[in-house]
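Working notes, structure below.
Since the model is a prediction, treat every value here as computed from it, not as a measurement. Protein chains get the first letters and strands the later ones, always in sequence-line order, with residue 1 at the start of each. Below, each value reflects all heavy atoms present in this structure, side chains not excepted, and no hydrogens, waters or symmetry copies.
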Amino acid sequence: MKQWRALLWSAASAEAHARGGGCDFEFGRRLLESGPRKLCGGRGCQSLVLPQKRTDYTTLQVSNSCQTSFTVWKVKEIPRNSRFIMKTSNPVDDANDQAEDALQRAMGYFEKGPKKSSQSKDENLETHLKAVENVAWKNGLPPEAIDVLLNIALSGTFGNAVNTRLLKCMIPATLIAEDSVVKAVSWLCVGKCSGSIKVLFYRWLVTMLDFIDHKEQINLLYGFFFASLQDDVLCPYVCHLLYLLTKKDNVKPFRVRKLLDLQAKMGMQPHLQALLSLYKFFTPTLISVSLPVRKKIYFKTSENPWTSALIAVRQRNQRPSVGPLKLTLGPDNGPNVKRKWNSHSLIPVLNSGTYARECGKRVMSLSDYLNRNRSLPVEQLQSFPQLLQNIHCLELPAQMGSVLNHPLLLHYINCVRDESILLRLYHWLSQTLQEECLWYKKNNYEQGEEFMNLLDTVIRAQCFLQEGFYSCEAFLYKSFPLWDGICCRSQFLQLMSWIPFSSFSEIKPLLFDHLAPLFFTSTVYFKCSVLQSLKELLQNWLLWLSVDVPQSPMTCSPLDTTLGASIISVSKLIEYVGWLSTIALRLENNSAFLLHFILDFYEKVCDIYINYNLPLVMLLPPGIFYSALLSLDTSILNQLCYIMHRYRDNMTAAKKKDMLEKTKSEFNFSSKTCEEFNNYLTVMIGCLWTSKPFKKEMYIEPHILGKAKVTEYKSNLNLVLHPSLLNYAASFLLQENPEEKAVNVDTIRGQKWNKYLDYLFSEGLQGLKLFIQSSVQRFYAPQ
Amino acid sequence: MLCVASGLARPWRTEDAQARLSAGTGPPGTMEPCDSPESTPRQNASSNLKDYFLASTPWQKRLESVRKQTSLVQTTPRRKVPECSQLQETIDPHKLAFLLHKQWTLYSLTPLYKFSYTNLKEYSRLLSAFVAAEKQKGLAVEVGEDFNIKVIFSTLLGIKGTPRDSEAFLVQILSKSQLPSKNREDKVLWTGWFCCIFGDSFLETVSEDFTCLPLFLANGSESNTAIIGTWFQKTFDCYFSRLAINAFNLSWMAAMWTACKMDHYMATTEFLWSVPCSPQSLDICYAIHPEDAKALWDSVHKTPGEVTQEEVDLFMDCLCSHFHRHFKIHLSATRLVRVSTSVASAHTDGKIKILCHKYLIGVLAYLTELAVFQIE
């Protein structure tokens with residue numbers, strides 16, 4: 001299994017790299033770094049919103065790949081500093097340059113501070129403000145300008161109206177320096193700016209948080225921001241800011257108490273709720289809050305003076321937009337029927353298991369403390385490399401069922417040796433399947449879709465892991481006897497194909513004995529889909545055996561018991577399918593459609609020795625062989641030829657290995673298998689090549705032949721006269737002589753026979769070609 | 001409702017019921033899985049393969065038992081007649097009285113992950129806050145704050161079948177009285193308890209991180225059960241599901257409880273059969289004097305101390321044929337929905353009331369078995 005897993009892993013990581021490298025450039029990375037935003041399960045939807053919005057915007061503009069637009073954006077930065085060198089005659093650029101010149105002058109003006117003369121001050125101020133606004137709304141402001149203007153706006157040099165205008169046009173073209181923000185915050189302490197400016201500043205800060213280049217210093221100001229909560233007017237905005245800034249270390253009992261006091265004073269406020277639930281998320285032992293089911297958005301971002309400008313600027317600067325971030329909390333689920341206790345969906349939401357672990361841990365050992373500091377909550381897990389780095393200190397989800405929707409955690413549980421994790425998943429899944437199973441409920445088909453979705457999720461997870469869950473196996477055994485063969489058919493059959501490898505004779509009474517009556521009494525389509533999933537089951541078992549068995553210690557467990565037993569199990573499965581197929585063919589009057597699915601199964605069977613390195617060669621039963629050989633459908637005959645060709649290769653390879661090793665072989669093909677194969681081969685050659693079909697074993701009553709008006713049946717079957725090939729022969733002759741009115745297929749012999757063969761091969765009968773080439777010694781030199 | 005009290009004027013004739021024994025055990029069309037013995041490990045010829053592929057890890061062992069359950073090879077199950085347990089002597093009589101004469105809704109519960117008996121106080125604190133927060137949706141509450149509502153965890157010492165069984169525990173939601181006087185007791189709003197009686201076979205299949213308490217019994221409003229259940233599911237990654245009792249198991253209960261030796265009978269033995277017909281279903285209540293029921297049981301009972309499937313079938317068939325003789329109604333064509341005896345009464349919806357303290361453990365043992373069957 002290990003090899004297989006490793007293979008999957010590398011593929012998945014490559015995929016993760018490809019994804020990460022493609023889109024998540026600078027901005028996305030900063031979003032990831034901004035920590036607390038991503039912590040809660042619910043707020044994880046930001047990341048879900050992100051790519052979608054991004055594509056919306058990219059479709060708006062001329063289609064630019066993320067990579068190219070990124071470079072464009074970078075280049076855009078350069079001209080501002082080296083404006084004089086890169087002069088162009090483009091009028092649009094000229095206008096831009098003029099505006100930027102004006103901005104430079106305005107900057108100078110604001111930096112120096114207003115002059116004394118009041119008359120000119122007003123005029124100058126107005127023109128400079130206009131210049132700043134002009135650039136800001138169009139292209140955004142460079143970091144230096146924001147630094148200067150922010151300082152001016154909060155220092156109280158001008159009146160409220162000017163300060164408001166300045167703040168409103170504080171739209172970054174690229175980034176905002178952390179220092180500027182820290183300086184601005186320091187102005188808040190000196191009491192120079194009014195309440196409304198403070199509110200505006202906090203709103204601006206919340207909107208622009210993602211544009212700030214670093215956040216370490218700002219995080220240090222957490223205590224200051226927290227203290228501002230006391231201001232009733234500022235409170236909602238400060239809450240929003242804190243909601244974005246809060247890290248686990250920031251959550252302290254005294255802060256919790258303060259927030260609860262505030263709540264007692266102000267009542268149930270959405271912003272406090274949001275912050276409190278975030279605190280609860282970090283320290284569930286300090287606080288308890290239950291959120292209303294419907295409420296999801298706690299902070300309104302819509303009526304915000306900067307959002308539209310930000311989008312416009314971003315579009316202008318031709319970089320993919322992140323779009324307005326939707327702040328949500330709690331699970332983001334559709335309007336599911338609220339049926340279960342307090343849960344919104346069948347599969348629990350991902351939450352790390354801090355609850356149970358922190359319970360009653362009064363004395364913490366040193367190692368615990370170290371581990372706790374380094375442990376990574378599952379909600380923060382975003383990428384495969386991150387999983388690899390933190391695999392030793394991952395904080396697992398509180399409810400293991402949530403991993404089903406999380407591919408990274410599926411990777412984790414795939415390689416983890418901890419039994420309790422698997423047991424938790426086992427119990428949860430078994431019970432959920434049992435509770436939700438539709439045909440256990442009386443007249444309750446309302447939740448049909450939900451159950452189907454659950455099964456789909458489980459199947460997806462199994463395919464991802466390339467491994468079946470034991471819960472599903474147990475569920476199948478329990479529910480199969482009661483299954484009507486219709487409800488959730490495709491899901492059920494898929495589950496069947498993922499039954500972990502085990503002894504066939506044990507599974508048969510539990511599952512396959514119930515399957516057979518359903519199979520025989522259902523439509524041909526049902527039969528085909530059953531055969532399809534049995535083929536997949538066989539393939540999964542073979543893969544499992546071929547990967548896992550060679551790793552088992554050969555010395556202590558002798559091969560002939562373990563491997564031998566598993567081979568017997570596989571062979572019994574094949575026998576069972578052979579039995580099903582033979583009967584089904586008779587029931588369906590040799591339907592070519594069904595035959596196709598049966599031969600598909602045997603295409604897997606014939607290659608077991610070479611493809612999976614397992615010592616097993618099992619031939620197809622005569623009922624299927626003869627039906628396929630005498631089929632009216634050319635593709636069936638072609639497929640049969642291919643299968644016979646592969647059987648030959650497999651048997652030859654097995655024999656060669658026997659000869660080489662010269663030791664007592666792992667297995668001997670029974671001489672019966674060889675004999676049977678040779679018999680099939682003779683019949684096929686007789687029917688296709690030598691025109692001497694059924695030499696020994698067939699005797700047909702002469703009066704039947706008389707009725708059929710066939711006298712010379714013994715020479716009436718070959719590549720020309722075979723019912724499925726006759727029309728090929730006719731079109732071959734017509735191709736040779738287009739003028740011919742009546743064709744005589746008997747003329748195809750000698751050199752023409754060889755030409756006819758080439759014609760058949762050129763018509764796409766590859767199986768036939770391979771078969772003829774390997775089994776018939778041709779007397780002519782192929783061209 | 002058709003009420004019939006049988007005085008058993010005519011002698012019981014076991015032989016005429018014997019003839020119909022082959023009619024099958026469960027009513028036709030019931031969805032519930034058949035029961036199978038826990039005590040008969042299946043002998044398997046291909047044990048080599050099984051040892052290699054299965055049986056190595058707990059959940060694989062579990063799978064084995066599922067296969068065992070659902071396999072067609074079934075031997076006749078045998079169960080012990082409930083007896084007075086030695087361990088039961090240690091139960092606090094006050095607590096014991098608290099558990100009796102109440103209607104409990106049954107749930108099965110998968111093993112609790114990382115549950116610790118040393119943290120019960122802490123759990124009380126957290127769960128109190130959780131319940132308080134749920135009651136006033138949207139308002140956050142500090143853990144450890146004083147609420148009107150209090151949740152208390154306490155162990156139920158002695159409620160176990162073997163010393164290996166996990167200790168049973170009780171959870172109560174109390175509403176604090178507003179009056180300051182100390183002798184006023186808090187009002188109990190909701191009670192639930194977790195237990196495991198003779199759950200050895202199940203215990204083997206899980207590792208030590210888990211606590212096996214497969215049976216959960218609740219008394220109180222459904223909404224409170226939901227809150228408590230949610231908290232347990234989130235905190236200990238377990239799963240609650242309602243435990244319904246099918247007619248087959250109700251018959252077993254009827255037989256086993258009738259077999260119990262009683263000093264004095266407190267209630268009549270009563271069966272409720274339901275006839276599915278529209279618009280309203282018809283219920284047939286069949287009451288017998290408990291001593292008559294015991295007499296009937298003694299006449300069908302052969303192996304001392306044990307109850308077998310044949311005996312249960314025979315017992316029920318005797319009751320049915322007696323009824324048929326008088327009323328020409330085949331009870332076997334209807335559905336048994338409730339059984340009540342002096343020991344306990346059980347409803348098919350998964351509700352139980354235990355009346356006799358002597359056989360508390362015995363009743364719980366069978367319920368544990370059913371719960372384990374459901375979660376396996």
Checklist entry - To the nearest 0.5 Å, how far apart are OG in S207(B) and CG in L422(A)? => result 10.0 Å
Checklist entry - Quick one: what part of Q431(A) sits under 4.5 Å from any heavy atom of chain B, side chain, backbone, both or neither? => result both
Item to check | Portion of S420(A) that has a non-hydrogen atom of chain B nearer than 4.5 angstrom | outcome: both
Checklist entry - Quick one: NZ on K280(A) to CZ on F130(B), what's the gap to the nearest 0.5 Å? => result 6.0 Å
Next on the checklist: Taking side-chain hydrogen bond (donor to acceptor under 3.5 Å, both in side chains) as the definition, give me every residue that meets it alongside W190(B), ordered by chain and number, with sequence neighbours left out.
Outcome noted: T225(B)
Checklist entry - Taking only residues two or more places apart in sequence or in another chain, which ones pass side-chain hydrogen bond (donor to acceptor under 3.5 Å, both in side chains) with S108(B)? => result S241(B), Q374(B)
Checklist outcome for this item: Tightest non-hydrogen contact, residues R424(A) and D237(B), listed as NE-OD2, 2.8 Å
Next on the checklist: Please find the pair of heavy atoms, one from A398(A) and one from K234(B), that lie closest to each other, and give the distance.
Outcome noted: CB-O, 3.5 Å
Item to check | Check against side-chain contact (heavy atoms from CB on, under 4.5 Å), Y239(B) and E435(A) | outcome: CA-CA 10 Å; Y239(B) 197 101; E435(A) 284 276 289; 3.7 Å; yes
Checklist outcome for this item: When the 4.5 angstrom heavy-atom criterion is applied to L286(A) and chain B, the contacting part is backbone
Checklist outcome for this item: d(L126(B) CG, S288(A) OG) to nearest 0.5 Å is 7.5 Å
